[in-house]
Amino acid sequence: MRFTLLFTLVGLAVRALAQSSAADAYVASESPIAKSGVLANIGPDGSKSQGAKPGIVVASPSTSNPDYLYTWTRDSSLVFKALIDQFTTGEDTSLRNLIDDFTTAEATLQQVSNPSGTVSTGGLGEPKFNIDETAFTGAWGRPQRDGPALRATAIITYANWLLDNNNSTYVVNTLWPIIKLDLDYVASNWNQSTFDLWEEVNSSSFFTTAVQHRALREGATFANKIGQTSVVSGYTTQADNLLCFLQSYWNPSAGYVTANTGGGRSGKDANTLLASIHTFDPAAGCDAATFQPCSDKALSNLKVYVDAFRSIYSINSGIASNAAVATGRYPEDSYQGGNPWYLTTSAVAEQLYDALIVWDQLGGLNVTSTSLAFFQQFSSGVSAGTYASSSSTYQTLTAAIKTFADGFLAINAKYTPSNGGLAEQFSKSDGTPVSAVDLTWSYAAALTSFAARDGKTYASWGAAGLTVPSQCSSGGSGGNTVAVTFNVQATTVFGENIYITGSVDALQNWSPDNALILSAANYPIWSITVNLPASSTIEYKYIRKYNGAVTWESDPNNSITTPSSGSYIQNDTWR
Ligand SMILES: *[C@@H]1O[C@H](CO)[C@@H](O)[C@H](O)[C@H]1NC(C)=O
Ligand SMILES: *[C@@H]1O[C@H](CO)[C@@H](O)[C@H](O)[C@H]1NC(C)=O
Ligand SMILES: *[C@@H]1O[C@H](CO)[C@@H](O)[C@H](O)[C@H]1NC(C)=O
Ligand SMILES: *[C@@H]1O[C@H](CO)[C@@H](O)[C@H](O)[C@H]1NC(C)=O
Ligand SMILES: *[C@@H]1O[C@H](CO)[C@@H](O)[C@H](O)[C@H]1NC(C)=O
Ligand SMILES: *[C@@H]1O[C@H](CO)[C@@H](O)[C@H](O)[C@H]1NC(C)=O
Ligand SMILES: *[C@@H]1O[C@H](CO)[C@@H](O)[C@H](O)[C@H]1NC(C)=O
């Protein structure tokens, strides 16, 4: 009996040492390869991105089975967020020109008309473009509404650094217009269905909701900081609505986050872990409302997700039920054979490293009834309670969790070929690389997991201390509208009329030809009542038409934030 226990302990210690030294070795060898792997896939000078315009991220240089020689807004923004974090924290000060190329390229792409629309009619939701910055016009799962949110987050991170470095002119004149387009898009469209990050399911998606919430939350703070106060309340209202909606993905009886509202699957999906690590806020503690990496919900979810892969990949067979395994996108996956992915396996490690950072900061951890099964993997006798960092329970648990996390990197290490190249997937039966070679996101995911293992954290985005509204609102664009009356005082000559157009369908999307005519019944007050999306920030202008000539009001655009219900009267004077 005592010998068995001793052998078990020795076995655990040996496994811990083996896992952590495998992870140490992998971090040392793979870091420079992953960094150059990312840079090789960015135009114009990246060695594997010929033909890409400056700042354009090629998803992978693979041109057939699959052809990934395109640029996705999601992948590019996640990749550049990692580079911007390296730049703004001083880890790599050489990246500035590349980051400027990225923001310039994205500003161009925003204006490219594409099958999802123009910049003002939904085109920002287009998922991918050709690498020469032209539209991709083939059939695709569109729109994907996470892209604008992730891009706003990346650029805001850079813009905050520029503000700290006395360059607010550039921020306000050049970056804010790019950021604002994306945030306005998110604020107006978050409650519409979207294809998920895997481009397959058209419904609502946890990852998309989570990153949209983050973008609007930090966007409101950022706008306020640079004096763009007119958008703040609209963004904050929609951020609150998103935070409310985010809670609905939690499945309390099964203890995990259901990734999509559609799709007909279990809903166990790396989508949810990626959401947790890409909305990690080191100042938010173990808050469960935003599914922080160390929150009880996110930990329970991690266990359910990881366990879903234990028996479906043969390379996982024989691995202890509480040790790391290879994981994929979701257990029902059949794309390219349905294999484990490097970036999902490293995401598990990253969530756990993030959790360890916060527990260390807070000086303790809580085991709740929700996270009990997760913690019992590492100490079967543990019970719900608070464990200070001085306690032996804390030390046992965190040491085992570190080993567990390192185990996921050790899995990737084991199945990374000797040249360090990271494809999209590795075979579930023999671990050899599968699908697109040199996937930029695989490299970026390796880098962010290594940074988390190193204890690195990045700027907070405002997740701390949020209150979930007691009642969820669809925020308007899901169907709620409010009647808005526009009154404008304008003197006109006989035969001249006043019209309105603006940034939403109901105001004809800035079309002077289709602008809505106002009534002169109370001349010189011209009026019209229009049903507009509730709780939305909407821009508009009045125009005059006389003898076929169109005259616009002078700049800037007018802006209103509509209430959540009821009606509203806006009184203006022609400018
Ligand atoms: C920014 O300007 C302020 C005031 O002019 C100065 O105190 C500060 O050192 C500057 N910061 C940087 C990073 O240049
Ligand atoms: C502000 O930052 C932009 C982008 O890097 C740069 O082009 C510009 O020269 C900077 N301006 C100042 C005054 O530093
Ligand atoms: C996605 O779902 C929405 C809502 O059900 C539907 O209106 C839209 O047509 C769907 N889009 C595609 C491309 O199937
Ligand atoms: C543990 O829970 C208490 C009470 O809810 C909370 O104040 C504390 O911040 C939590 N600690 C951690 C590490 O989550
Ligand atoms: C819109 O918001 C409401 C309220 O949160 C929610 O019930 C509904 O599922 C949302 N629809 C979409 C497509 O996001
Ligand atoms: C007004 O909005 C239109 C359409 O989004 C935009 O092109 C224009 O630049 C805006 N005008 C100003 C002064 O911001
Ligand atoms: C516009 O004027 C009407 C009275 O004519 C008033 O009831 C309404 O509150 C005013 N709207 C705003 C936004 O001030």
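Along the sequence shown, residues are numbered consecutively beginning with 1. Remember, it's 1-based here, ligands and their atoms both numbered in the order they're listed. Values below: every heavy atom of this structure, side chains too, minus hydrogens, waters and symmetry copies.
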How close does the nearest protein non-hydrogen atom get to [atom], and which residue and atom is it?
| atom | value |
| --- | --- |
| atom 13 (C) of ligand 4 | G364 O, 3.1 Å |
| atom 9 (O) of ligand 6 | N557 ND2, 4.9 Å |
| atom 14 (O) of ligand 4 | N366 ND2, 3.2 Å |
| atom 5 (O) of ligand 6 | W510 NE1, 3.5 Å |

*Ligand-side contact atoms (ligand 6) for residue partner D555, heavy atom cut-off under 4.0 Å*: 13 (C)
*For N166, is at least one N or O under 3.5 Å away from an N or O on ligand 1?*
yes
*asked:* I need the atoms of ligand 4 closer than 4.0 Å to a non-hydrogen atom of C286, numbered in the order shown.
replied: 14 (O)
Counting only heavy atoms on the protein side, is anything nearer than 4.0 Å to [atom]?
| atom | answer |
| --- | --- |
| atom 7 (O) of ligand 4 | no |
| atom 2 (O) of ligand 4 | yes |
| atom 11 (N) of ligand 4 | yes |

*Atoms of ligand 1 close to D164 [distance to a heavy atom under 4.0 angstrom, numbered from 1]*: 13 (C)
For the pair [X] and [Y], name the ring-plane relationship: parallel under 30°, tilted 30 to 60°, perpendicular over 60°.
| X | Y | answer |
| --- | --- | --- |
| F486 | Y542 | perpendicular |
| F80 | F102 | parallel |
| F245 | Y249 | tilted |
| F291 | F206 | perpendicular |

*Give me the one residue out of L243, T290, L246 that meets side chain to side chain contact (heavy atoms under 4.5 Å, CB included) with V468.*
L243
*Under a 4.0 Å N-O cut-off, is there an ion pair linking R151 with E106?*
yes
*Do N114 and F129 come within less than 4.5 Å of each other through their side chains, counting heavy atoms only?*
yes
*Any donor and acceptor pair, going by atom type alone, linking the side chain of S188 with main-chain N or O of Y185 inside 3.5 Å?*
no
